[in-house]
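Presented below is the structure to which this report refers.
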Amino acid sequence: MLARRRRLAAGLSDPERTLRGVLLEEGRRCSSVGCRCRRGELHGPYSYLAVYADGRSRTIYVPRVLEDATVAHVEVTQRNEALLAEVSQINLELLRRRALE
Ligand SMILES: [Zn+2]
């Protein structure tokens, strides 16, 4: 269990790239009255990052040039958080066994 915890912790990478959120693609309506988007032909799709913080979720526009970097950040974050969730399960088990140091 301790060896597994060590392996999981060693798998963490690039914590400075942590970016929590979910990438979405959405079409948008503009403000001009006669535009085709008013008939359902939306502009885009554009990329957004849906972020949950302080009890509410917001979406932040992701410019095309930053899409790859944003995807990379979100992916490394999801990998790290999956590893941390497993480390936490192991520590929880150690606590149950009164073996947490
Ligand atoms: Zn429009």
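The first residue of the sequence shown is numbered 1, and numbering continues consecutively from there. Both counts, for ligands and for their atoms, begin at 1 and track the order of listing.
Side-chain atoms of Arg5 and Asn91 include a donor-acceptor pair closer than 3.5 Å.
Residue-and-atom listing of protein N/O/S atoms under 2.8 Å from the Zn ion (ligand 1), sorted by chain and number: Cys30 SG, Cys35 SG, Cys37 SG, His43 NE2.
Taking Arg28 as the reference, Glu26 meet the salt bridge (charged side-chain N to carboxylate O under 4.0 Å, His left out) condition, with sequence neighbours excluded.
Crowding of Arg58 atom CZ: a count of heavy atoms from other residues, nucleotides or ligands under 6.0 Å not exceeding 12.
In this structure a side-chain-to-backbone donor-acceptor pair under 3.5 Å is present from Arg38 to Cys30.
When every heavy atom of Leu2 is checked against every heavy atom of Glu101, the shortest pair comes out as CD2-OE2, 4.4 Å.
With values rounded to the nearest 0.5 angstrom, Leu24 atom CG is found 11.0 Å from Ile60 atom CD1.
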